[in-house]
Amino acid sequence: MEESEIKVIDCEIKEIEKEIRKLNERKKALNKRKEKLMNDVIRQKSLEKSKRDWNNSNFPWSKKLKSTLTEVLKINNFREHQLSAINAVMSGEDTILVMPTGGGKSLCYQLPAIVMRGITIVISPLIALIEDQIHGLKKLNIPAGMLTSNKSEEVKLAWAALDGKNDNVNLIYITPEFMKKSKRFMAKLQKVFNQKRLKLFAIDEVHCCSTWGHDFRPDYQFLGCLKAMFPGIPILGLTATATTAILDDVQQMLDIHGSLILRATFNRPNLYYEVRRKPNDKENCLEMLVTLLKSRFSDKSGIIYTTTIKDAETLTTSLRDRGLKVGCYHAMLDAEVRSKMYNKWITGSYQAIVATIAFGLGIDKPDVRFVIHHCMSKSMENYYQESGRAGRDGKKATCIILYRLADIFKLSTMVIGDKVGLRNLYKTLDYCLNSNACRRSLIATHFNENWSKEDCNSMCDHCAKSKKTTSTDIAPYCRQIYKIIDKAADTETNLTLLKLLDAWYGKGTASYRVSSVPVPKFSREAAEAIIAFLLINGYLKEDFVFNAYANLTYLVRGPDSSLVTDSNYNILFTHDETLKI
Ligand code: ADP
Ligand code: MG
Ligand code: ZN
């Protein structure tokens, strides 16, 4: 009797569970739909706001803005979106400004701060960045305060300004860490707010709020309370990172849904992008650089980027031996030497500066006509920034990368500590290896932008002169490479790129060679291009060995190697005709 009732109950419970599962699924779907609709509403709100004409000079403060811009900041004209951003925040709108590095974001809170008087709080992630800004403002005789645990002049200025004892200080810089820690500061800020002296929050590198970004900083979460604590005070978020998901997230976190979003394009139409295969032979490579500097770029000013300090020094010496006037710049030089080099370059005594990427922060030379990368950058973002130092004056400038596969192995041991470092590096290799796409369109995809052929206007090597390309199935060569790799693995030998190439071409150590693998009929350059393509597409992989002397990298089969076993499997490699594979 009981047993049959238990069965009935079990049956009913199962039915209920089924219903619950169904309802839960329905709930999940509804929640998802709701989230999407809410995001749409928010985006719609942002869109409505962006339709208003912010870019005009009919605001009550317009005259004062213009005169302060020229007289105090010594700048003649606004750049794209600067005036809109300033008008919006001065109208009390929460605003997010997306602009590439060097675009001029700081002006969009500095100028309102000076014109509105009162207090503008600038939140910045690093003390070094804050010090840089304060240094720049000092040169313009604009006093600014900063809050750290030190007791510097700027710190005293900041507290005095908060206490209402120094009306000339309108800008106070602070890190989120300090803000979160200092109850004293938050209490004072509350007072300033009550006295109606608080005008604006500017949050630099605002993408640090979002857990989506690679730069997430937990202390930025604290900023989520600003809107509730200081209602009516506009928030200006500034960033060079522009994906929609991050911007949604940032607005959510700061509680400024549907704020005005101003997005400047990342396209630099006056930069000509070019990639060249770097000669394997050092002398030939030097010759190439010398020719560029003596002919195409003669009388022009530029930067040559290298990866290591040693490279920067040897290259400087070699170029000087050839009669060129160049300076050297890297982090190991004394500050005094560095500033001497910099000045000689700025004033034109040096045609070029040979530098590691330590050379970057605060370069303020508008007429840089060329940026040559003697070695690839570590990521497309880095490349964009480094090459972007050319042509700040809006006139035509050229950006050239010299690339070769061997350089990848130098860089990969440097970036492997970073989770996405290798992926970013391979994307740069992909950019270099590409034989026909518009370089600009390749850069655009990194910033979630879409630039058409017209946006390039023949300002890249591929658009200027379309190269003839062919597609070759390189799967057979891939199989040959695997034979060499497998043989090495059997004897527990590590194959560097050089050893692998030697073995393929029947050179070097005899025991690495495989008799059934024929010597390629194409150049070593073509072989390198094939290996590079296999590497970025997962058919080959770098293996890292770290010992006391060096970090070494070897080539092994990649995650997709099993696919190639099938003899019908093709790997199509599109390359320009000069490679002759
Ligand atoms: P971001 O923060 O966007 O990277 P910055 O605010 O540091 O850029 O500005 C970069 C440089 O551009 C600074 O030297 C600044 O003085 C200059 N700058 C900003 N706006 C203008 C402008 N409208 N005209 C000329 N130079 C400007
Ligand atoms: Mg900035
Ligand atoms: Zn192009």
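Start at 1 and go down the list; that is how both ligands and their atoms are numbered. Along the sequence shown, the residues carry numbers beginning at 1.
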**Message:** Just so I know, are the side chains of L69 and L111 near enough to count as touching, which here means a heavy-atom distance under 4.5 Å?
**Reply:** yes

**Request:** Give a yes/no on ligand 1: does G136 have at least one heavy atom closer than 4.0 angstrom to it?
**Result:** no

**Fill in**
Within less than 2.8 Å of the Zn ion (ligand 3), the count of protein N, O or S atoms comes to 4

**Request:** With salt bridge (Lys or Arg N to Asp or Glu O under 4.0 Å) as the test, would you mind laying out the steps for E93 and K45 before giving the verdict?
**Result:** CA-CA 12 Å; E93 284 292 344; K45 244 165 114 182; over 6 Å; no

**Asked** Between the side chains of R268 and Y273, does any donor sit under 3.5 Å from an acceptor?
**Response** no

**Prompt:** Got a second to check how far L293's CG is from K300's NZ, nearest 0.5 Å?
**Reply:** 11.5 Å

**Prompt:** With atoms numbered from 1 as shown, which atoms in ligand 1 lie under 4.0 angstrom from a non-hydrogen atom of N77?
**Reply:** 22 (C), 23 (N), 24 (N)

**Nearest heavy-atom neighbours spanning N170 and A113** = CB-O, 3.4 Å

**Request:** Can you confirm whether something in the protein, heavy atoms only, sits under 4.0 Å from atom 19 (C) of ligand 1?
**Result:** yes

**Complete:** A student checking ligand 1 against S106 at a 4.0 Å heavy-atom cut-off should list atoms 2 (O), 5 (P), 6 (O), 7 (O)

**Message:** Below 4.0 angstrom, counting only protein heavy atoms, does anything approach atom 25 (C) of ligand 1?
**Reply:** yes

**Message:** Could you check whether R439 makes a cation-pi contact with Y431, meaning its NZ or CZ is under 6.0 Å from the centre of the six-membered ring and within 45° of the ring axis?
**Reply:** yes

**Message:** Between H373 and Y383, is the ring centroid distance below 6.0 Å?
**Reply:** yes

**Asked** Looking only at heavy atoms, is any part of M99 under 4.0 Å from ligand 1, and if so is it the side chain, the backbone, or both, or is it neither?
**Response** neither

**Message:** Return the closest protein heavy atom for atom 1 (P) of ligand 1 as residue, atom name and distance.
**Reply:** G102 N, 3.5 Å

**Request:** Using a strict cut-off of 4.0 Å, indicate which atoms of ligand 1 neighbour a heavy atom of P100.
**Result:** 3 (O)

**Request:** Report yes if some N/O of Q133 lies less than 3.5 Å from some N/O of ligand 1; otherwise report no.
**Result:** no

**Message:** Are R217 and P125 packed together at the side-chain level, in the sense that at least one heavy-atom pair is separated by less than 4.5 angstrom?
**Reply:** yes

**Complete:** atom 9 (O) of ligand 1 sits nearest the protein heavy atom G104 CA, 3.5 Å

**Message:** Evaluate E528 against R404 for salt bridge (Lys or Arg N to Asp or Glu O under 4.0 Å), listing each step before the verdict.
**Reply:** CA-CA 8 Å; E528 282 196 23; R404 63 184 263 228; 5.0 Å; no

**Request:** For salt bridge (Lys or Arg N to Asp or Glu O under 4.0 Å), just list the numbers for E525 and R277, CA-CA rounded to whole Å, side-chain angles, deciding distance to a tenth of an Å, and then say yes or no.
**Result:** CA-CA 9 Å; E525 200 179 27; R277 260 185 244 121; 3.6 Å; yes

**Request:** Could you tell me whether the side chain of T574 reaches within less than 4.5 Å of the side chain of T470, counting heavy atoms only?
**Result:** no

**Asked** So which of Q110, Q385, E205, R79 gets nearest to atom 12 (O) of ligand 1, if we judge by its closest heavy atom?
**Response** R79

**Polar atom proximity, I75 to ligand 1 (N or O, under 3.5 Å)** = no

**salt bridge (charged side-chain N to carboxylate O under 4.0 Å, His left out) contacts in which one or both residues fall within residues 77-90, not counting sequence neighbours** = none

